[in-house]
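Read the structure below first, then the notes.
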Amino acid sequence: MICFAKRGFEEFAENIREIERKWQKEWKEKKVFEADPRPDKPGFLFTIPYPYTSGPLHIGHGRTYAVGDVFARYFRMKGYNVLFPMAFHITGTPIEAISAKIRRNDPKTWELYKSYVSLYVEDPKEVERIVSKFVEPMEVAKFFSSVISRDFDALGCSIDWRRKFTTGDPEYNAFVSWQFLKLREKGYITQGTYPLLFCPAEGQAVGEDDIMGGDEIAAEVQEFIGIKFRTKDGKVLLASTLRPETIFGVTNVWVHPEGSYVELSLKGERWIVSERAAEKLKLQGWEFEVVRKFKGRELVGLKVKAPNGSEVPVLPALFVDVNNATGIVYSVPAHAPFDYAALMDVKREPEKFGVPRELVETIEPIHIIDVPKYGEFPAKEAVEKRGIRSQEELSKLEEATKEIYKAEFYGGVLVVGPFAGTKISEVKEKVVSWLMKRKDAVPVYEVTAKRLPVRCRCGAEVLVAVLPDQWFLDFNAPGWKEKARKALNRMEIVPEIYRRLFEDTIEWLDKRPCARKRGIGTRLPFDPEWIIESLSDSTIYMAFYTVIHHIRRLKLSKEALKPEFWDYVFLGKGDPEQLSKNIGISAEDLRKMREEFLYWYPLDQRHTMIAHITNHLSFSIFHHVAIFEERHWPRRFTLNEPVIREGVKMSKSKGNVIPLVEVPRHYSADWFRLYMVSAADLSTVLDWREAGVRTVGNSLRRFYELVDQILSKSETSSSEENGILERWIASRMNSAVKEVDEMFSSFRPRDAAIRGFFIALRDMETYIRYGGGNFRLLRDLLDKWIRILAPVIPHLAEEIWHRLGHKDFVSLAPWPEVDEKAIDPEIEIAYQVVEDTIEDANNVLKVLKEKPETLKIIVAPEWKYQVMEDLKQLKPPIDVKDAMSIARNFLKEKGKEARDLVMEFVKAQGAWKNAGREMEMHMLEALRQMIAEKTGVRTVIIERAESTKEERASRALPGKPALVFA
RNA sequence: GGGCCCGUAGCUCAGCAUGGUAGAGCGCCGGGCUUUUAAGCAGUUAUCACGAGGAUACCCGGAAGUCGCGGGUUCGAAUCCCGCCGGGCCCGCCA
């Protein structure tokens, strides 16, 4: 046996790493976590989302997997047949994008991926060779899924690996195909137009990673409303706006006099827009011919009719940007600072703009919105407040626009037109649908970003394209949300504070594109040009875990995995005999799969990080309720917050990410797990602090040394069989079993780790240090202790379990029985009285000038304990009168001393605790040495109030003895 | 920009539904020491051990906050109301 006490910490760490590897190997060889249905135990399907295999995992992921595994292991010990499967996500665009970059020798990607691979592979040549294989997307997925699965093992995750798959496997494709056929059958899938960022040069949609400047510039699609202003001869000036409700205050239309405009011939209409806008509209799905090209000034003076009936002139303005939207805007000078400034310019000097004076003379702002704290024309106020003199003071005008927009959006009410009386914040949608219904408006999309123009990494400018036939999941389809709400209401959300976010997510989810034209994935069965998007193909796969190992065992091909197959296995539809003939699987095997699904489903618990609430987890609820019977809806989601490092968010750019693979090298699995679980509640951000990590490592070492000591002396008993300290430690350990059980079952793993590990460790050390020598007893208690710790530190627990002589696995051992007879609340209170007494004594010592030699502890007289006992019948809120009346006999006899005692009890509202006089006396005696040490006093004397001459004795209370220093 | 959450000690968080003395853990500082140890010795003793000094764990104690800012309600606001500022998650052909 190795005695760690004599060696350094690093040696200890290396030793537990060795122990961990040993048990990981053993678990794997003995198939400890391979779970099959069994009649004698309830099944418990526990999942954590599979990782995406585009790179290494870090300790933030590690938290989720560690905490999740603690839950899985706890329920396994509580008598559930726990299945914890795992798979790998490879569908989606990033992996393919990585391969593309490796293929075109992008240096940054090469460096990044070499650094990733080096985490796992030492030889630089080998690293180079592996990365060069990444030109194939499947190689990226294969490499990372293989190393990540080793990370899971190295963390001690109790996974059944027989059910492993990747989302690119043909069996999975067949399953997802079925899923989407079902969704379509239910009417939850619709098709429609969808605007997205697009690179015309590459002919492809672009995501953040494809854009120059990436996430910093935050490129987005912005929807303008193109409003039609008609000329007498039937042409349309398409003026774009973000505030269509202002149409009721239109006074004129603006074009840039020098801007280049075109006339387009569409089906049945002629539109005028800027030349640049024509290109954009083409991408947005409009079909037209360019009829002619001309300068904006040609339009000036033209009269056009607005949808609200007003006839207004076209005027020139320099602030109009032909590169933005349609290059034509309409003017609302009462509520738009730019329009106001431009109108004033042109009214002041019509000649300069080449406009006849009489055309502009009569144009005045039209008030249409009431805004608190503003008069008739808010735009005028905002412009004048800033001393703006011309439309060319762009930055001031932008500031003014922001001010007015905000004020009107939050406080404004429309006061004219068919929507008079509606708040601005609510009116936009109504106006848009009104305009569209009358064919007076069309949507016009534009790219917006912090920095324009937005460029693709290939160099071309990113524009908005509109896909005409995009497939959507329509979360607002009749009945779907009702079911989702119903499912959520029945579910357990842990911590409960996150439920609100789920509820809100269900509310605002609308249509969501569910297929793309790039990336790895499953083709839409009813439109194979499209590939099912990766958040949609990962919503009900927990069901797939229940049968995938059978599918592989039976070598079922795509032909066998028809919709009817899944219909039977997951929904119980159809007749196995009939189906058997149809698809060539034996009826017996079909039944077996159906039974296995029924054994494991519903999903008992899914654990993940909070970022998944508003997407993955909510989708999972929606897809489940869409497809499965009610009895198979998910039961519980548990969540944890992320991990930061030394107070700072971990990120690639900061270079402060700790990869998960470092854990078994620099720390250890159990060490990591104990830290992850004990350092923060689920609902708390975990701050990874190296100092704290070290402290936990040291505690682990203390623990292991203590266990060594117990095991090496377990045949000896130098103290009483059943002395007070023995009864105390036995009580404490049994209480721990009970409390930790309660903490785990209410998903408070942190409390469980603190109570079960740190506090129990302290108790054990205290027992040994202050006179307790019954190691035979400790060994028995260790048998329980190690089991309540097994979920958190499974490897050390397994090692100790075997050193205790067990031949089976603690990972599969039952949760320990609580010996209720051993639990003695009074004895635990008595110990608390000793600790409190030490604290009191130290507080007194602080103010004493000279250091005393002796401490006399005087325990209250018996009658006081009697009073407290009598008062216990009172329940809070406790009234002074009632208390006094109960104690009246003593009040008469003892006077003030009794009154003080009653008042203390009333003040504590019944929370005053004591252990009874004899018990307190006894415990104080037993721990006299501890008291002396912790107070630094040489002699400690314990006395009864009845047999002392000390005046202070009158102050002694039950549970709070009087202290006399000398 | 929108939805939700949050802002209290250096860090992570309690306290806020019901207004009345601002808290915990970790870290930091000081002290103690029954533990342990790297390096090392002019000494005593001699394979051990003792000693000063340092470090770890442990024990005891301490410092540290205008409760994000500004208004309001109130005798009294971290807590209730309004406004601002700052942060997080989500709103990606990211997962």
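Throughout, protein chains are lettered first and strands after them, A, B, ... in sequence-line order, and every chain is numbered starting at 1. These numbers come from the heavy atoms of this one structure, side chains and all, not from hydrogens, waters or symmetry mates.
- If you take atom C1' in U12(B) and the same atom in A95(B), they sit 28 Å apart, rounded to whole Å.
- The partner of U74(B) is absent, by the rule that a Watson-Crick or G-U pair needs both atom distances under 3.5 Å.
- Between C58(B) and Arg762(A), no contact under 4.0 Å exists linking OP1 or OP2 to a side-chain N or O.
- In this structure, Arg748(A) atom CZ and G25(B) atom P are separated by 18 Å, rounded to whole Å.
- The separation of A39(B) from C48(B), taken at their P atoms, amounts to 14 Å, rounded to a whole angstrom.
- OP1 or OP2 of C5(B) has at least one side-chain nitrogen or oxygen of Arg500(A) nearer than 4.0 Å.
- No option in Tyr675(A), Phe12(A), Trp688(A) other than Trp688(A) meets the ring-ring contact (aromatic ring centres under 6.0 Å, His included) test with Tyr667(A).
- As a whole-Å value, the separation of Tyr498(A) OH from C5(B) P is 12 Å.
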Next on the checklist: Would Gln470(A) and Trp530(A) count as a side chain to side chain contact (heavy atoms under 4.5 Å, CB included) here? Give the steps.
Outcome noted: CA-CA 9 Å; Gln470(A) 173 70 56; Trp530(A) 292 86; 3.5 Å; yes
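- Residue whose closest nucleotide on RNA chain B sits further toward the 5' end, between Ser683(A) and Asn698(A): Ser683(A).
- Using the six-membered ring where Trp is involved, His58(A) and His61(A) have ring planes that are tilted, between 30° and 60° apart.
- Separating the P atom of A63(B) from that of A38(B) is a span of 38 Å, rounded to the nearest Å.
- Spacing of C1' atoms, C6(B) relative to C13(B), comes out at 12 Å, to the nearest Å.
- With hydrogens and angles disregarded, a donor-acceptor distance shorter than 3.5 Å links the side chain of Thr53(A) to the backbone of His89(A).
- Spacing between U8(B) and G25(B) at atom C1', rounded to whole Å, works out to 15 Å.
- Applying the Watson-Crick and G-U wobble criteria (two distances, each under 3.5 Å), A46(B) pairs with nothing in any strand.
- Comparing the same atom, C1', in C94(B) and in C16(B) gives a spacing of 38 Å after rounding to whole Å.
- Of the residues listed (Phe88(A), Tyr541(A), Tyr65(A)), the one engaging Tyr50(A) in a ring-ring contact (aromatic ring centres under 6.0 Å, His included) is Tyr541(A), and it is the only one.
- Contact check on Arg701(A) versus Glu705(A) returns a salt bridge, with a Lys/Arg side-chain nitrogen under 4.0 Å from an Asp/Glu carboxylate oxygen.
- The interatomic distance linking Leu927(A) (CG) with C59(B) (P) rounds to 15 Å, in whole Å.
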Checklist entry - Should Glu446(A) and Ser240(A) be marked as a side-chain hydrogen bond (donor to acceptor under 3.5 Å, both in side chains) after you check the CA-CA gap, both sets of side-chain angles, and the distance that decides it? => result CA-CA 10 Å; Glu446(A) 185 53 283; Ser240(A) 37; over 6 Å; no
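- Counting only heavy atoms from C-beta on, Thr695(A) has its side chain closest to G27(B) among G27(B), C59(B), C13(B).
- In this structure, Arg516(A) does not pair ionically with Glu96(A), as no charged nitrogen and carboxylate oxygen lie closer than 4.0 Å.
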Checklist outcome for this item: With B for base contact, S for sugar-phosphate-only contact and - for none (protein heavy atoms under 4.0 Å), nucleotides 85-95 of chain B reads ----SSSBBSB
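- Atom CG in Asp681(A) sits roughly 17 Å away from atom P in A24(B) (whole-Å rounding).
- One can place CG of Leu761(A) at 9 Å from P of C58(B), the figure rounded to the nearest angstrom.
- Look at C58(B): its Watson-Crick or wobble partner, with both distances under 3.5 angstrom, is G32(B).
- The side chain of Arg750(A) has G25(B) as its nearest neighbour among A57(B), G25(B), G3(B).
- U12(B) atom C1' lies 8 Å from atom CZ of Arg689(A), rounded to whole Å.
- In this structure, U79(B) makes no Watson-Crick or G-U wobble pair, since no nucleotide meets both defining distances under 3.5 angstrom.
- For U66(B), the base is syn relative to its sugar; the glycosidic angle is within 90° of 0.
- A glycosidic torsion no more than 90° from 0 defines the syn conformation, and A17(B) adopts it.
- A straight line from CG of Leu639(A) to P of C5(B) spans 16 Å, rounded to a whole angstrom.
- The P atoms of G54(B) and C33(B) are separated by 13 Å, rounded to the nearest whole Å.
- If you find the closest nucleotide of RNA chain B to Thr684(A) and to Ser699(A), the one lying nearer the 5' end belongs to Thr684(A).
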Checklist entry - Please walk me through it: do Asp209(A) and Arg457(A) pass side chain to side chain contact (heavy atoms under 4.5 Å, CB included)? => result CA-CA 9 Å; Asp209(A) 296 330; Arg457(A) 291 209 192 271; 5.5 Å; no
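- Atom CD1 in Ile754(A) sits roughly 11 Å away from atom C1' in C26(B) (whole-Å rounding).
- Nucleotides A64(B) and G10(B) have their P atoms positioned 11 Å apart, rounded to a whole Å.
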